[in-house]
Amino acid sequence: ALERGCTVTCFEPHPDNLPTLRANVERHGGKVVPAAVGLDGMPRTFYATPRTASASLYHKADGRRVKVRGATLDFALGEVTPRPNQPVVVKIDAEGAEIEILSLGNAPLFRESIHAVLMEGHNYAGHVYRDYLERCGFEVELRGGGVPQPDYDESFGGGMLYARRE
């Protein structure tokens, strides 16, 4: 994305991931913000695990508890400075906090500021997220998780959501 002239801003709360992410993103001119995007900007308890895929604001897996900076979606979008006429694409992999990011209070941001959403869902209620984004004017496709990507199945606990609007 950076090589194509896009603006890339990453939000990452996991302290173990920050050095590598910063090295990769900042080397190409992107920006990393050490924060967890959710409902509010208050400090949050983040459950950091050695296996980063199970680290989360919600999943109290074995690991250490770390206080991390919270950030609202409004704040996050304010950190992004797209070039004129550049669409804003949001990639969400929030390990269970998707419901906070896709909250009703954020609907105006999705309607007015965001052009596309790519979301990996956990505890995935894809049809709920689809309905929400469709009400915000997006065309939405749901897929299951895994490779190759199967069709969406409501009973599956994870999957992908692809949404875009004109």
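Throughout, residue positions are numbered sequentially from 1 according to the sequence presented. On a predicted model such as this, the values are computed, not experimentally measured, just so you know.
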Using every non-hydrogen atom in the two residues, find where [X] and [Y] come nearest and quote the distance to one decimal.
| X | Y | result |
| --- | --- | --- |
| His28 | Asn24 | CD2-O, 3.0 Å |
| Leu142 | His127 | CD1-N, 3.8 Å |
| Pro15 | Pro19 | O-CD, 3.5 Å |
| Arg130 | Leu161 | N-CD1, 4.0 Å |
| Thr72 | Gly41 | CG2-N, 3.7 Å |
| Thr9 | Glu79 | OG1-O, 3.9 Å |

Please check if atom CZ in Arg164 has more than 12 non-hydrogen atoms from other residues, nucleotides or ligands closer than 6.0 Å.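 Open.
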
Check: [X] side chain, [Y] main-chain N or O, donor-acceptor pair, under 3.5 Å:
| X | Y | value |
| --- | --- | --- |
| Ser103 | Glu100 | yes |
| His115 | Val88 | yes |
| Arg165 | Arg111 | yes |

Quick one: does [X]'s side chain get under 4.5 Å of [Y]'s, heavy atoms only?
| X | Y | answer |
| --- | --- | --- |
| Glu12 | Thr20 | no |
| Tyr132 | Asn106 | yes |
| Ile114 | Leu73 | yes |
| Ile101 | Glu98 | no |
| Thr45 | Lys67 | yes |

Val8 and Lys31: side-chain contact (heavy atoms from CB on, under 4.5 Å), yes or no, with the steps? CA-CA 6 Å; Val8 173; Lys31 180 164 96 173; over 6 Å; no

Same apolar cluster: Leu57 and Leu39, side chain cutoff 4.5 Å: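 The answer is no; the residues belong to distinct hydrophobic clusters.
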
Check step by step if side-chain contact (heavy atoms from CB on, under 4.5 Å) holds for Tyr129 and Val117. CA-CA 11 Å; Tyr129 301 137; Val117 178; over 6 Å; no

What's the separation between atom CG in Leu77 and atom CZ in Phe110, rounded to the nearest 0.5 Å? 8.0 Å

Atom CD1 in Ile92, atom CE in Met160: separation rounded to 0.5 Å?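 Reported to 0.5 Å precision, the distance equals 10.0 Å.
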
Evaluate the criterion side-chain contact (heavy atoms from CB on, under 4.5 Å) for residue pair Val33 and Arg69; output intermediate values, then yes/no. CA-CA 9 Å; Val33 179; Arg69 175 180 167 199; 3.8 Å; yes

